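Below you'll find the structure, written out as structure tokens, and then a few comments.
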Number of protein chains: 2
Amino acid sequence: MARTKEQNEKIRETRKEVIRNAALSQFVKQGLFSTRIQDIATEAGIAQGLLYHYYASKDEIFVDLINDALDKTIGASYSVRDMDTDPCEKIRFSLERLVETIENSQTFLDTCRLITQATNSTAIPQAAQDLIQEKRNIPYQVIEKIMEAGQKEGTIIAGDPKMLAIFFWTSINGLAIYYSTNKNREVKLDYRVIAAMFLIESEREDKNHAKDKTVFK
Amino acid sequence: MARTKEQNEKIRETRKEVIRNAALSQFVKQGLFSTRIQDIATEAGIAQGLLYHYYASKDEIFVDLINDALDKTIGASYSVRDMDTDPCEKIRFSLERLVETIENSQTFLDTCRLITQATNSTAIPQAAQDLIQEKRNIPYQVIEKIMEAGQKEGTIIAGDPKMLAIFFWTSINGLAIYYSTNKNREVKLDYRVIAAMFLIESEREDKNHAKDKTVFK
DNA sequence: TGATATATTGAACATATATTCAATATATCA
DNA sequence: TGATATATTGAATATATGTTCAATATATCA
């Protein structure tokens with residue numbers, strides 16, 4: 001016999017991980033189409049042919065990455081939803097964390113870029129389009145619900161909660177896209193500026209809140 | 001003799017315009033690389049070969065479009081700068097117009113998408129990268145100055161004006177990108193939500209102001 | 001109408017690159 | 001150590017598409 005199943009399985013997963021990371025890095029820089037298989041293989045440190053041992057095509061890698069990215073975003077929104085605080089604090093806290101994450105996490109920026117890229121192109125694999133169709137709106141719906149609860153509570157400004165959710169995510173996404181190509185280290189971002197869009201005046205002062213949770217991994 | 005210079009010149013300009021529009025529509029949907037010359041030619045209603053009579057390459061069209069797009073954005077920011085009102089009103093008015101434009105102008109959405117696409121890819125022609133390098137920051141600087149003036153005047157919130165300018169444009173850009181693939185007709189956007197990021201409390205009520213100027217053409 | 005300059009076409013060419021595949025290497029166990 | 005299953009390589013293949021070009025159409029003016 002040769003290697004055990006588990007050993008091969010481990011090699012397989014490691015390789016796939018390396019390939020995914022290499023592909024993500026290339027896709028966000030060059031996009032799906034101008035990224036060549038050779039680019040991914042080189043960055044992953046393997047031969048072109050080996051790539052096909054793990055993924056059937058370039059498209060399949062892309063779909064895998066899109067799925068990951070969407071799940072991460074959804075996971076982040078769920079972790080906000082499930083926080084044990086009032087709606088107002090959920091909004092404030094998540095904005096604080098998201099801005100901090102934009103400043104510090106390359107993975108987050110890559111994730112935003114990849115999703116934006118995919119969302120804005122009709123030239124991506126059908127499977128990727130389906131995933132986006134299916135998952136894209138979940139974070140918007142989660143925030144919408146929180147905004148609604150905050151309005152009932154009297155801590156969130158009036159206005160269509162759908163609209164507030166759109167402003168919430170598009171601000172964050174716009175910022176992430178800007179930051180991914182413009183890491184302006186001289187400017188420190190203050191999340192409270194964004195928070196001012198949603199919180200009524202009396203709720204805007206900074207309060208102490210847990211610093212040990214992370215919204216996005 | 002054949003046609004006069006002017007007649008040929010006119011045909012030339014008309015054709016180039018048609019080609020540019022077709023290319024913009026395709027680039028925005030598919031990106032520079034997955035857009036084929038044939039796609040552009042078909043949308044423009046001409047043969048592939050003719051395209052090369054007017055543009056030397058696909059890249060050259062792209063560079064032309066990027067240049068247009070950047071100039072439009074810069075022009076919009078200058079028209080705000082040159083308004084005959086106080087800084088606070090400039091911010092309020094331009095946000096009102098920009099949001100309105102996002103809801104109504106496909107050209108504006110396309111422009112934002114094209115610039116975002118170009119800014120986020122290293123796989124675009126060098127000439128396009130140079131143009132972006134050269135022009136991208138102008139609108140940010142214009143808004144930064146206005147924010148600064150508004151702070152002196154006491155109508156704009158405190159904080160690094162560079163940061164405020166970043167929030168200003170990234171919010172608008174994020175919104176435009178979202179809207180270009182999600183024309184949510186059931187949601188009416190209220191620019192005052194964004195304005196709340198920048199204007200101090202007492203300046204936030206709606207005031208009457210000219211409705212006949214347009215920020216972006 | 002004929003001469004001429006430019007517009008226009010679409011097939012041919014050149015090239016880039018996704019994918020396949022035959023050959024080789026490697027690791028494990030009997 | 002030898003058998004074997006999988007990993008790995010890189011050259012060969014197939015295909016897609018950007019670009020060129022020879023041929024044709026068209027519009028104007030003398």
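By convention in this document, chain letters (A, B, ...) are assigned in the order of the sequence lines, proteins followed by strands, and residues within each chain are numbered from 1. What you are looking at is a predicted structure, and each value in this text was computed from that prediction instead of being measured.
Look at Arg12(B) and you won't find any side-chain N or O under 4.0 angstrom from OP1 or OP2 of dT6(C).
Applying the side-chain hydrogen bond (donor to acceptor under 3.5 Å, both in side chains) rule to pairs touching residues 128-138 of chain A yields Asn67(A)-Lys135(A), Asp71(A)-Lys135(A), Gln126(A)-Asp130(A), Arg136(A)-Thr181(B), sequence neighbours excluded. Residue pairs that meet the side-chain hydrogen bond (donor to acceptor under 3.5 Å, both in side chains) test with at least one member in residues 161-176 of chain A, sequence neighbours left out, are Thr116(A)-Asn173(A), Glu144(A)-Lys162(A). The list of side-chain hydrogen bond (donor to acceptor under 3.5 Å, both in side chains) pairs with a residue in residues 44-56 of chain A, not counting sequence neighbours, reads Arg20(A)-Tyr55(A), Gln38(A)-Gln48(A), Tyr55(A)-Asp64(A).
Ser25(B) and Glu43(B) share a donor-acceptor pair across their side chains, judged by distance under 3.5 Å alone. Under 3.5 Å, the side chains of Asp110(A) and Gln106(A) contain a donor-acceptor pair of N or O atoms.
Atom NZ of Lys183(A) has more than 12 neighbouring heavy atoms from other residues, nucleotides or ligands inside a 6.0 Å radius.
Ring-centre distance between Phe167(A) and Tyr191(B): not below the 6.0 Å cut-off. Aromatic ring centroids of Tyr178(A) and Tyr140(B) lie under 6.0 Å apart.
For the atom pair CE of Met147(B) and CG of Asp160(B), the computed distance is 11.0 Å after rounding to the nearest 0.5 Å.
The CD1 atom of Ile46(A) sits 12 Å away from the P atom of dA7(D) (whole-angstrom rounding). Atom P of nucleotide dT17(D) and atom CZ of Phe33(A) are separated by 10 Å, given to the nearest angstrom. Note: CD (Glu13(B)) to C1' (dT6(C)) measures 16 Å, nearest angstrom. Atom CD in Gln48(B) sits roughly 15 Å away from atom P in dC21(D) (whole-Å rounding).
Applying side chain to side chain contact (heavy atoms under 4.5 Å, CB included) to Phe168(B) and the options Leu95(B), Ile146(B), Ile194(B) leaves one that passes, Leu95(B).
Residues from residues 35-44 of chain A with heavy atoms under 4.0 angstrom of DNA chain C, sorted by number: Thr35(A), Arg36(A), Ile37(A). For DNA chain C, the neighbouring residues in residues 50-60 of chain A, judged by any heavy atom under 4.0 Å, are Tyr52(A), Ser57(A), Lys58(A).
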*Can you check salt bridge (charged side-chain N to carboxylate O under 4.0 Å, His left out) on Glu89(A) and Arg92(A), steps first, answer last?*
CA-CA 5 Å; Glu89(A) 180 58 19; Arg92(A) 188 217 311 283; 3.1 Å; yes

*Bracket notation of DNA chain D in which parentheses pair within the strand, [ ] cross earlier pairs, and | pairs with another strand (Watson-Crick or G-U, under 3.5 Å)*: ||||||||||||||||||||||||||||||

